[in-house]
Each structure stands twice: as C-alpha cells, then as structure tokens.
Amino acid sequence: MLVVALIAGGVGGLVGGMFPAAGGGGGEEQPEQQGPGINEPPPEAPERAPDTVAGVAQRVSPSVVSLRSADPRIGGGGSGFIIEGDYVVTNDHVSAELEDDGIIIEYSDGSSSGAEVVGSDPSSDLAVLELEEPSEVDPLEFGDSDEAIVGDEVIAIGAPLGLTGTVTQGIISALERPVSPDGGDTQFFAIQTDAAINPGNSGGPLVDMRGRVIGVNSMIYSMGGGPFGDQPVGSIGLGFAIPSTEAETVIGRMVDHGEESTAAYADLGINLYDQESTVVGAVIGEGEDAIEAGGAADEAGLRPGDVIVSFDGRRVNSHGELQAMVRDKSPGDEVEVDYERDGERTSVTVTLGPDD
C-alpha cells in the first residue's frame with residue numbers, strides 16, 4: 001500500500017533543480033558561475049571542489065539545524081535552515097508539534113538556542129522562527145525553482161531519524177506535482193525528488209549544486225507497513241519539497257506580518273469535490289454546500305456535478321491539480337474556466353476571491 005507521510009521525526013503525516021552547472025553542455029567553455037557566499041569548510045577538512053556534492057555539503061551543512069522540544073520527554077522534531085535576519089525556516093507540521101513546550105534549535109557544532117515562532121502557514125506547511133542566540137553561520141540563499149528542470153541534481157540535508165547532518169543526493173524527478181500538507185483541504189505544486197528523505201528531514205533544505213535552496217523538504221510517499229499497511233516505513237525515492245518561489249514569498253510575508261500572512265491566497269469558492277469520480281477533471285460535489293454562496297464559482301454559474309476540465313488554458317486532470325492551479329493565482333485574478341455539464345462544454349470567466 002502506498003501512503004503519504006509528513007516527515008517530522010517520529011510524527012506521522014505528509015512530507016513532502018539544480019540550475020545548469022558550470023562547464024556543462026555542448027563542449028563549449030561556460031562562464032564560471034559564482035554561488036552564494038556561504039560557510040567556508042573548516043581548515044582541517046580535506047579540500048573538495050565547491051561544485052561537488054561534498055563541496056556543497058561542507059558549505060551548506062553548518063547553516064542547517066535540527067529542532068526538538070525543550071521538554072526532553074517530548075519526542076518528534078525535524079530540520080530547518082538559517083536565513084537572513086537570524087530566522088529559521090522549517091515546516092509548520094514540525095513547529096506546531098513542538099511550540100507548546102518550547103523549541104530548541106541545535107546547530108551542527110553542537111551548540112543550541114531557544115527560538116520563538118514568528119509566523120506559520122499550515123496551508124503551505126511553512127513556519128519561520130526567530131533565534132534567541134544566533135550562531136555565527138552564514139544564511140542560506142534561495143534559488144529560483146522556476147528555472148529547475150527534471151534531471152537537475154539536488155542535495156537534501158537534515159536530521160532523518162535524529163541523525164543530524166545527514167546528506168543525501170539525487171535528481172529532480174518531476175515538477176508541479178500536486179500534494180496536500182493537510183489531508184486534502186489545500187493543494188500546492190511540489191518538486192518531486194528521489195534524494196532519500198525520511199522522518200526528521202522535514203523543514204530541511206533541498207539545494208542545487210551551487211548551494212542555493214530551491215525547495216523545503218516536506219513530504220514523502222512511502223510503502224505502508226504495519227499489520228494494516230497504514231504506517232509509513234521510510235523513503236522509497238518519492239520525496240516532495242515546497243518550491244523556493246512559493247516558500248520565499250510566504251516566508252517574506254511571515255517575517256513582515258507574522259500570523260496575519262496566512263490570508264493571501266486565491267479561492268474558487270468550491271467546498272466539495274467528488275473524490276470518488278473516475279471522470280477526468282475536477283468534479284464538483286453534490287449538495288447545497290458544495291459551492292460557496294456568492295463565491296467565485298457561484299457568481300460564474302458553476303453548479304454541483306459540473307466537471308472542470310480547463311483552468312486558465314491548462315488541462316485539469318483532477319481536483320488536486322485544480323486546487324494547486326488556483327493557489328498559484330491571486331485574489332481578484334480573472335481566469336477562463338472550461339467545464340462540462342450534461343455532455344456540453346462551456347467557457348466562463350471567473351474572478352477569483354480571497355481565501356478567508
């Protein structure tokens with residue numbers, strides 16, 4: 001049985017491009033690409049080229065942290081990374097499990113600091129914490145995940161199963177994979193990778209070969225274990241990360257506005273989809289509450305049972321894809337929606353509302 005799992009250490013749930021490297025392609029000499037200014041390897045460490053997996057790991061790992069509860073009796077935890085301003089980025093599902101009892105941040109050199117949650121966004125599965133005692137490590141920089149392509153090499157760093165400083169390497173396996181951090185209420189497009197990600201990797205960075213963060217590790221698909229096949233048993237090479245383009249935007253709002261940052265998403269005004277339907281497209285569920293009265297879909301004339309087959313010129317294969325497409329828009333955007341009703345196809349312009 002294939003199950004979806006969030007990857008906070010010891011906590012069940014759902015987890016979860018490099019850019020072109022210097023010297024690649026066509027036999028032509030490529031201009032040297034400078035990576036972000038991040039940590040220098042310790043002087044006693046064997047020297048490795050900065051664009052190798054070992055070289056990237058040496059420079060990025062000091063800025064990757066692990067999170068645990070201030071109460072030693074509380075298990076679980078996860079990973080995170082330092083960004084500009086002495087903030088730590090992690091997953092919401094990590095910080096939410098630890099916040100009530102206090103959060104301790106542990107650096108790679110063994111030192112630690114308390115931290116307070118500045119803002120959290122469950123629908124993005126992101127949280128930002130402010131350090132009480134910052135360490136002298138360089139902040140990681142975000143890359144542009146929109147420039148990533150399938151096959152690009154990536155590196156995941158974190159604390160799977162509490163094993164801090166673990167480095168795994170793989171490729172981007174797919175892009176724009178719709179996943180849900182909250183069991184289906186919201187969907188976003190994720191980066192899929194075959195880099196080994198396990199419980200405890202949650203919130204850690206997925207970086208390119210220049211050490212730039214192009215994703216925040218969040219979820220995995222896993223084979224079901226246990227007597228009923230309902231317990232995740234570890235990585236099978238299907239991990240998912242929140243793209244840096246979304247993460248950087250959400251994190252910026254949280255730093256600027258804290259908890260008030262969570263109400264900035266577009267909404268189609270559909271409360272219920274028929275998840276059992278085998279029809280290709282997003283089938284609006286039946287019932288009075290399936291469509292929000294006065295919402296975007298209602299105003300556009302959509303009704304229960306309609307099958308949405310295209311959104312803003314893009315084919316819709318499932319309600320999950322549709323939710324992720326809507327999430328990529330902003331409140332007030334006008335988009336063309338194609339839907340089928342009683343075998344007839346109709347196009348309407350929908351003005352998206354805010355997600356309240």
Side-chain angles (χ1 to χ4, degrees), residues 7 15-26 30-41 48-65 79-84 88-91 108 126 137-160 165-177 179 188-197 201-220 235 237-252:
I7 48 171
V15 203
M18 137 184 176
F19 305 101
Q30 300 292 320
E32 182 178 355
Q33 293 179 315
Q34 297 296 323
I38 49 180
N39 312 282
E40 290 296 324
R48 295 292 184 269
D51 59 350
T52 62
V53 173
V56 172
Q58 282 182 326
R59 293 179 295 123
V60 172
S61 292
S63 302
V64 180
V65 299
S79 304
F81 57 94
I82 308 294
I83 62 170
E84 193 70 41
V88 172
V89 173
T90 189
N91 287 146
S108 61
L126 288 167
V137 297
D138 291 325
L140 298 186
E141 296 180 12
F142 288 100
D144 186 355
S145 56
D146 286 345
E147 295 296 319
I149 63 173
V150 173
D152 281 342
E153 292 181 87
V154 288
I155 300 168
I157 305 178
T166 296
V167 177
T168 56
Q169 183 238 3
I171 63 169
I172 291 180
S173 307
L175 295 166
E176 294 194 341
R177 190 72 80 190
V179 297
F188 61 81
F189 286 125
I191 295 172
Q192 181 182 324
T193 179
D194 68 350
I197 296 173
N201 272 119
S202 278
L206 187 71
V207 302
D208 65 17
M209 296 302 291
R210 291 170 61 190
R212 300 173 298 186
V213 178
I214 61 159
V216 181
N217 297 319
S218 178
M219 297 159 264
I220 60 173
S235 172
L238 293 172
F240 302 93
I242 304 155
S244 61
T245 49
E246 169 156 355
E248 192 171 11
T249 299
V250 174
I251 289 162

Check: Leu206 and Ile155 side chains under 4.5 Å, non-hydrogen atoms: no
Least distance between heavy atoms, Ile214 atom then Ser145 atom: O-CB, 3.5 Å
Side chain to side chain, Asn91 and Ile242, heavy atoms closer than 4.5 Å: yes
Flag side-chain contact, heavy atom, 4.5 Å: Arg210 against Asp51: no
Pairwise distance CD(Glu147) to CG(Asp208) - rounded to 0.5 angstrom: 11.5 Å
Spacing of Thr90 atom OG1 and Phe81 atom CZ [to the nearest 0.5 Å]: 8.5 Å
4.5 Å side-chain heavy-atom contact, Val179 and Phe188: yes
Thr193 (side chain) donor-acceptor with Ile172 (main chain) under 3.5 angstrom: no
Heavy-atom side-chain contact between Val207 and Val213 under 4.5 Å: yes
Backbone N/O of Asp194 and side chain of Ser173: donor-acceptor pair under 3.5 Å: yes
Minimum-distance pair of heavy atoms, taken over all atoms of Gly239 and Ile197: CA-CD1, 4.3 Å
Heavy-atom closest pair, residues Pro243 and Ala190: CD-CA, 4.1 Å
Shortest non-hydrogen contact from Pro62 toward Val137: O-CG1, 3.5 Å
Student check: side-chain heavy atoms of Thr166 and Ile157 closer than 4.5 Å: no
Donor-acceptor contact below 3.5 Å, side chain Thr168 vs main chain Ala196: yes
Heavy-atom closest contact (Ser61 atom, Ala57 atom, distance): OG-O, 2.8 Å
Glu248: salt bridge (Lys or Arg N to Asp or Glu O under 4.0 Å) partners, not counting sequence neighbours: none
Within-4.5 Å side-chain heavy-atom neighbours: Asn217 and Ser79: no
Distance in Å, Leu140 CG paired with Asn39 CG, rounded so as to fall on 0.5 Å steps: 7.5 Å
Test log, rule side chain to side chain contact (heavy atoms under 4.5 Å, CB included), inputs Val154 and Ile171: CA-CA 5 Å; Val154 288; Ile171 63 169; 5.5 Å; no
Val53 side chain reached by Met209 side chain, heavy atoms, under 4.5 Å: yes
Atom pair CZ (Arg177) and CD1 (Ile191), whose distance is rounded to the nearest 0.5 Å: 12.5 Å
Any donor-acceptor pair under 3.5 Å from Ser63 side chain to Asp138 backbone: yes
Least distance between heavy atoms, Asn201 atom then Pro160 atom: OD1-CB, 3.3 Å
